[in-house]
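A quick write-up on the structure given underneath.
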Amino acid sequence: MITTAKRLGTIEEYYFSSKLREVRQLASEGKPIINMGIGSPDLQPSQAVIDAVVLAMKDENAHQYQSYQGVPELRQGMADFYQNNFQVALNPANEILPLMGSKEGIMHISLAFLNEGDQVLIPNPGYPTYTSVTNLVGAIPVYYDLKENNNWEPDFEALEKLDLSKVKIMWIGYPHMPTGARGSLELFEKLVAFAKKHQILLVNDNPYSFVLNDNPMSLLQVEGAKDVALELNSLSKTFNMAGWRVGMVLGNAACIDAVLKVKSNMDSGMFYGIQKGAIEALKSDKTWFESMNAIYRKRRILTEQLAEKLGCKVYKEGVGLFVWAKLPDGITSAEKFIDDILYDKSVFITPGTIFGSNGEGYIRFALCVKEEKVQEAIDRF
């Protein structure tokens, strides 16, 4: 019997990996499933992006190994995107590293900076991958609370009371997933000051800035942020390219170099055609975001109606790809609540508990379902 590595004992299969098997099984049995659980955009990239990929196929270099850092035009496109949208100046030579999706960046950053026994500040609620990757590399998760009564922002007084001597990385993500809390430049300034004070690498996971958000922000807008910070970003939600796996890590040049050392031993470069499509996507102007958000805005209105029909209280201030809602009084289990709906009404919604203990009492709806399907879900109740 071949045994698995001990590190697998520190994690479980990703929730959506296992839960979606259950959902697919129900669908195969003829259940009319409406999946409002996972944030995988159903909209298409622009035609210009697709045309760029098709054209790239004819390039004589298209099918060779590519640079670990991506083609120079891609890094320049990412730099221009940050300059145009966030007024952040980045050197494409050493402050930007393209990734095969920002999710892999969480692993690369952790491998580059964490030793066994180091501690990592992780938001509760927050993206589950922060915890699983921390465990996989032998570091120790230390959760900090985000609560609705504090607008889902960190309590700095509580943070300062912690023993931070072993903390190496602090994960943040604004706009916040799963709640949709916007964050603010004032919050970012406090976080940068906190990271500098305690010599912590601060990493902002920022894939939702342009979805239903009239004020996109970057952590790197804060003066001096590059001294202690990195930011992850992605083309998945912004340009409907989730399956393409294009992301980036940006910020401190020395930190980027450390991440590159890991990444260059993990893959052999991003496919050329995908890079050319990404370059085209990054040129998109405000009309792209306006047209995409017009669709999401209609979906959000309907999804809020669905949540309220279930007796939930919607977090109206939220932005991004999800609707976060508080369960009715008396409901003690978010997971039982959503399972009852799944098996009774064939509608899949995400329980807040998968994002941490502070997600108990909440559920999350994804805006990746066409309006008529959301209306159908409403009609089922």
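Values in this document were obtained by computation on a predicted structure and should not be read as measured data.
Taking 4.5 Å as the limit, some side-chain heavy atom of Met170 sits within range of a side-chain heavy atom of Leu191.
Surrounding CD of Glu157 are at most 12 heavy atoms belonging to other residues, nucleotides or ligands under 6.0 Å away. Taking a 6.0 Å sphere around CD of Glu317, one finds it holds more than 12 heavy atoms contributed by other residues, nucleotides or ligands. Counting heavy-atom neighbours within 6.0 Å of Glu29 CD, excluding the residue itself, gives a total above 12. Residue Gln47 places its CD atom among more than 12 non-hydrogen atoms of other residues, nucleotides or ligands, all under 6.0 Å distant.
Asn233 places no side-chain N or O within 3.5 Å of a backbone atom of Met248 that could act as its donor or acceptor partner. Looking only at distances, no side-chain donor or acceptor of Asp227 sits under 3.5 Å from a matching main-chain atom of Lys196. Without hydrogens or angle criteria, Arg75 side chain to Pro98 main chain gives no donor-acceptor distance under 3.5 Å. A donor-acceptor distance shorter than 3.5 angstrom exists from the side chain of Arg364 to the backbone of Gly37, with no hydrogens or angles considered. Checking side-chain atoms of Gln275 against main-chain N and O of Met270 turns up a donor-acceptor pair under 3.5 Å. Between the Asp118 side chain and the Ala139 main chain, no donor and acceptor come within less than 3.5 Å of each other. Side chain of Asn293 to backbone of Leu212: a donor-acceptor contact under 3.5 angstrom is found. No donor-acceptor pair under 3.5 Å is formed between the side chain of Asp59 and the backbone N or O of Gly273.
To the nearest 0.5 Å, the span separating CZ on Phe289 from CZ on Phe239 amounts to 4.0 Å. Distance check: Leu20 CG to Ile38 CD1 gives 5.0 Å after rounding to the nearest 0.5 Å.
A salt bridge links Glu304 to Arg300: at least one charged side-chain nitrogen sits closer than 4.0 Å to a carboxylate oxygen. In summary, Lys197 and Glu160 engage in a salt bridge, as defined by a charged side-chain N under 4.0 Å from a carboxylate O. Under a 4.0 Å N-O distance rule, the pair Glu104/Lys263 qualifies as a salt bridge. Taking 4.0 Å as the cut-off between side-chain N and carboxylate O, Asp42 and Lys373 do not count as a salt-bridged pair. Salt-bridge formation is detected for the pair Lys316/Glu308: a Lys NZ or Arg NE/NH1/NH2 atom is positioned less than 4.0 Å from an Asp or Glu carboxylate oxygen. Between Glu376 and Arg380 a salt bridge is recorded (basic side-chain N to carboxylate O distance below 4.0 Å).
Close placement of the Phe210 and Phe86 rings is indicated, their centers lying within 6.0 Å of each other. In summary, the aromatic rings of Trp152 and Tyr362 are positioned with their centroids under 6.0 Å apart.
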TODO: Under the salt bridge (Lys or Arg N to Asp or Glu O under 4.0 Å) rule, what do Asp214 and Arg182 come out as? Steps first, then yes or no, please.
DONE: CA-CA 10 Å; Asp214 55 9; Arg182 295 169 184 262; 3.2 Å; yes
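Side-chain contact of Asp205 with Tyr130: a donor-acceptor pair under 3.5 Å is present, judged by distance alone.
Looking at Tyr127, Tyr296, Tyr174, Phe322 one by one, the single match for ring-ring contact (aromatic ring centres under 6.0 Å, His included) with Tyr208 turns out to be Phe322.
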